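Structure record follows, encoded as structure tokens.
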Number of protein chains: 2
Amino acid sequence: MSEKVLVGVDVGGTKTAVLLSMCLPDVLARKEFPTLPAEGPERAIEMIKAGIHEILTGQRLTEADIQGIGVSCGGPLDRVAGVIQSPPNLPTWTDVPITSILEKEFHTGCQLENDANAGAVAENRFGAGQGFRNMVFLTMGTGLGAGIILDGHLYHGTTDLAGEIGHVRLTRRGPIGYNKAGSVEGWASGGGMAQVALRAVELAQKRGKKTLLAEHLQTHQAITARDVGIAAQQGDALAKQIIQSTGRRLGEALAILVDILNPEVIVIGGLAMRLGESLLAPARAVVKRESLAAEVCQIVPAALGEKIGDIAALCVATGL
Amino acid sequence: MSEKVLVGVDVGGTKTAVLLSMCLPDVLARKEFPTLPAEGPERAIEMIKAGIHEILTGQRLTEADIQGIGVSCGGPLDRVAGVIQSPPNLPTWTDVPITSILEKEFHTGCQLENDANAGAVAENRFGAGQGFRNMVFLTMGTGLGAGIILDGHLYHGTTDLAGEIGHVRLTRRGPIGYNKAGSVEGWASGGGMAQVALRAVELAQKRGKKTLLAEHLQTHQAITARDVGIAAQQGDALAKQIIQSTGRRLGEALAILVDILNPEVIVIGGLAMRLGESLLAPARAVVKRESLAAEVCQIVPAALGEKIGDIAALCVATGL
């Protein structure tokens, strides 16, 4: 057959997916397996190789049909050398030369990109960022990452460290994110929200205030951002307040991005997709108050949902 | 003659210069006159036209020899339409269509650019930013402006409002800059430093501490950033402290730029050229502590000195 196929590899801390696409964003074939980082990278790499061979064969394709391979993975990584360095979600993966491993196996070009940048391109081409030349994509998960597209191109920075808004300080003290107390990641990520929630629940308990989150804490010995979202949906007042104050802190971070980058759109994945307006409305109010070009900047949740990792990896295969 | 000439117009609140260049950064001819904004824009525009005709004639050139005209001016302005809107330093200039006025007069293309962006390009091509692809240029005058060069190109943002680091909040309260208390411009511009100095002197007087700045305040009823610099040179301890704390606040702003843009160099004009290491050393210390990619980012004073306005305007004439 004459048409070439893109191969995507989305390496996550929990699961890894290998993908084929003839025409983005459509996924032609997909295979997923647990990454099992505790067992080291070797097994996962064998699964990636075998998985790609399997889905190619399933489509009656060979390695000669591959246009390019793209790997999307959490940082830190060396994009230019194609090496996964030491992502916190893959603790046993140290300096894995993933692109040369796959290039050797499939005799074709392979690119590596961090997942926030790959997600930015995916949302820019096929999601909530379509048609925008200046865009910031934020991944609001346990941490807070960003991918920046300026004048239509992904901006990496000098040493691939552009977009580290999660590391920017908002306050002198505060919840910890990115090893920094009072950082944007401390205040406005899933992990940060969990810290804020824990303090709020302890304070509520001292004051004898009732909250579903206190019961949750007693049963599970922990509170996650997800738990706060569920409690808010069940009408819990404290949970709603926590989401609102996280939204305001998120807004402070977005205001900085708006004043420095003057983007047309900020697309937010992860928590923002699940919590929606309860998080984004207070964020927008702060951006409007704090930044100069707020009226030209839309602030919207990501649109690709669960598919973002697949499409992001396949976008990397296009060479971005 | 076969070689074409660039025409530059540097419009400032105090003086305006018209310039010719055959080969940047060399200035072939120059004429300067007071802008006198109180008298309205008409007179200044006539002076600009007459000045360009005069320096062309002086070089035995005609309008047919012009390659392009560049106008550099403080914002706000509409770069695309070529209209100077309402700069605070030119209070009577409202919606002056400067590029069409000059295109009509000289029958050649004319571009308008704000002075921070033009200065960024000038320092990038001929000053302290030479050879760097990712650079931030800060003008530290009464206000604080920035021009951003990313992947070798000037980045304007969606509505020409990129680089407004002066508007970013550092603290909830504090000195006022950009109509915002606690902003970067409030803390780390010449105007902000003057406010900080005034408070520091009042406090010193209350506590009976001696400082040259108190005598200065009594004589002149005001303290400027320049006065603080002079007092520091004369060994005044309070003046030195003020410069140091301004440097630390500047460092907080630079750390944000480093975490978001991961630049190779930050070039700082105005105050930083005059105060040098007394301002930049404390700024660097904060950047090192606060940002991820500090070690790959040089922080240096601008190198073009008094010539920056001339060269910046001429750079605009190249089409940037």
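All figures in this text were calculated on a predicted structure; none of them were measured in a lab.
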**Study point:** Proximity breakdown for A:Val168 and chain B, heavy-atom pairs closer than 4.5 Å
**Key:** both
Check your understanding: Which residues satisfy the ring-ring contact (aromatic ring centres under 6.0 Å, His included) test with A:Phe132, sequence neighbours excluded?
Key -> none
Point to revise | B:Lys180 atom NZ, over 12 foreign heavy atoms within 6.0 Å | key: yes
Revision key, fill the gap. Separation between NE2 (B:His167) and CG (A:Asp259), nearest 0.5 Å, reads 5.5 Å
Check your understanding: For the atom pair CZ (A:Arg289) and CZ (B:Arg169), what is the distance rounded to the nearest 0.5 Å?
Key -> 7.0 Å
Study note, to complete from the structure: If one checks every heavy atom of B:Arg172 against chain A at 4.5 Å, the contacting part turns out to be side chain
**Study point:** Side chain / backbone / both / neither for B:Thr171 at chain A, heavy atoms under 4.5 Å
**Key:** neither
Check your understanding: Which value, rounded to the nearest 0.5 Å, describes the distance between B:Ile165 atom CD1 and A:Ile256 atom CD1?
Key -> 7.5 Å
**Study point:** Between B:Leu170, B:Leu257, B:Leu150, B:Val296, the one whose heavy-atom pairs under 4.5 Å with chain A are most numerous
**Key:** B:Leu150
Review point. Relative to chain A, which segment of B:Ile148 carries a heavy atom at a distance below 4.5 Å: side chain, backbone, both, or neither?
Key: side chain
Exercise for review: Quick one: pull up CG in B:Leu261 and CD in A:Glu164 and give me the separation to the nearest 0.5 Å.
Suggested key: 12.0 Å
**Study point:** Spacing of B:Ser291 atom OG and A:Leu161 atom CG [to the nearest 0.5 Å]
**Key:** 10.0 Å
Point to revise | Taking every non-hydrogen atom, the tightest pair across A:His156 and B:Asn262 | key: O-ND2, 4.1 Å
Check your understanding: With no hydrogens and no angle check, do the side chains of B:Asn134 and A:Thr158 hold a donor and an acceptor under 3.5 Å apart?
Key -> yes
